[in-house]
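In what follows, a single structure is set out as structure tokens and then discussed.
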Amino acid sequence: QVRLVESGGGSVQPGGSLRLSCAASGSLFSINAMAWYRQAPGKERELVARLDADGSANYADSVKGRFTMSRVDTWNTVLLQMNSLKPDDTAVYYCKVLGTTTWGQGTQVTVSS
């Protein structure tokens with residue numbers, strides 16, 4: 001069993017940056033990949049980025065070149081560095097252990113002038 005807790009969300013102006021953090025605890029040895037998702041009001045939850053155990057990362061086209069996913073101490077902490085933020089990035093951001101139904105509680109990101 002893995003528990004996930006996100007933090008780092010907030011309000012920022014367009015062009016600004018935020019760094020989200022996902023703290024994982026529990027049976028971390030079972031994790032092969034993790035991901036960040038987001039859900040905007042009235043929209044479906046969408047995949048933003050994923051990071052596999054071999055260190056390879058993949059990103060949604062909408063965030064390529066602006067967001068970077070990384071991890072610290074294997075899977076203890078997973079980060080999402082978000083630069084050049086746009087109003088369309090406004091959403092609740094969730095981390096997830098891929099291949100499981102384990103989600104965090106989410107953290108709100110609001111990009112507005």
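Starting from 1, each residue takes its place in the sequence as its number.
Sequence neighbours left out, the pairs with a member in residues 11-32 that pass side chain to side chain donor-acceptor pair (under 3.5 Å) are Ser17-Asn83. Contacts classified as side chain to side chain donor-acceptor pair (under 3.5 Å) and involving residues 104-113 (residues at least two apart or in different chains) are given here: Gln108-Thr110. Here salt bridge (Lys or Arg N to Asp or Glu O under 4.0 Å) pairs that include residues 100-113, with residues two or more places apart or in two chains, number zero.
Atom CE in Met34 sits 12.0 Å away from atom CG in Asp52 (nearest 0.5 Å). Here the OG atom belonging to Ser84 is positioned 7.0 Å from the CZ atom belonging to Arg66, to the nearest 0.5 angstrom. Rounded to the nearest 0.5 Å, atoms OH (Tyr94) and CG (Leu47) are 14.5 Å apart. Once rounded to the nearest 0.5 Å, the distance linking CD of Gln39 with CD of Glu46 reads 9.5 Å. Separation of atoms CG (Leu85) and CZ (Phe67) is listed at 5.0 Å; rounding is to 0.5 Å.
The two atoms that bring Cys95 and Glu6 nearest to each other are N-OE2, 2.8 Å, heavy atoms only. Scanning all heavy atoms of the two residues, the minimum distance from Leu18 to Gly8 falls at CD2-O, 3.9 Å. A pairwise comparison of heavy atoms in Cys22 and Trp36 identifies CB-CZ2, 3.6 Å as the closest pair. Between Val92 and Gly106, the shortest heavy-atom distance links the atoms CG1-CA, 3.9 Å. The heavy-atom pair separating Val48 from Leu80 by the smallest distance is CG1-CD2, 4.4 Å.
Listed by chain and number, the hydrophobic cluster partners of Phe29 come to none, as no ILVMFWY side chain reaches under 4.5 Å of it.
Note: Trp103 and Tyr37 have perpendicular aromatic rings, judged against thresholds of 30 and 60 degrees for the angle between ring planes.
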Intermediate values then yes/no, salt bridge (Lys or Arg N to Asp or Glu O under 4.0 Å), Asp61 and Lys64: CA-CA 5 Å; Asp61 288 343; Lys64 274 181 187 174; 3.1 Å; yes
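At a threshold of 4.5 Å between side-chain heavy atoms, the hydrophobic network of Ile, Leu, Val, Met, Phe, Trp and Tyr places Leu20 and Val2 in one connected group.
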Could you pull out all donor-acceptor pairs under 3.5 Å where a side-chain atom in residues 68-77 meets a protein atom, sequence neighbours excluded?
{"from": "Arg71", "atom 1": "NH2", "to": "Ala53", "atom 2": "O", "distance (Å)": "2.9"}
{"from": "Trp75", "atom 1": "NE1", "to": "Ile31", "atom 2": "O", "distance (Å)": "3.2"}

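Partners of Lys43 under the salt bridge (charged side-chain N to carboxylate O under 4.0 Å, His left out) rule, at least two apart in sequence or in another chain, do not exist in this structure.
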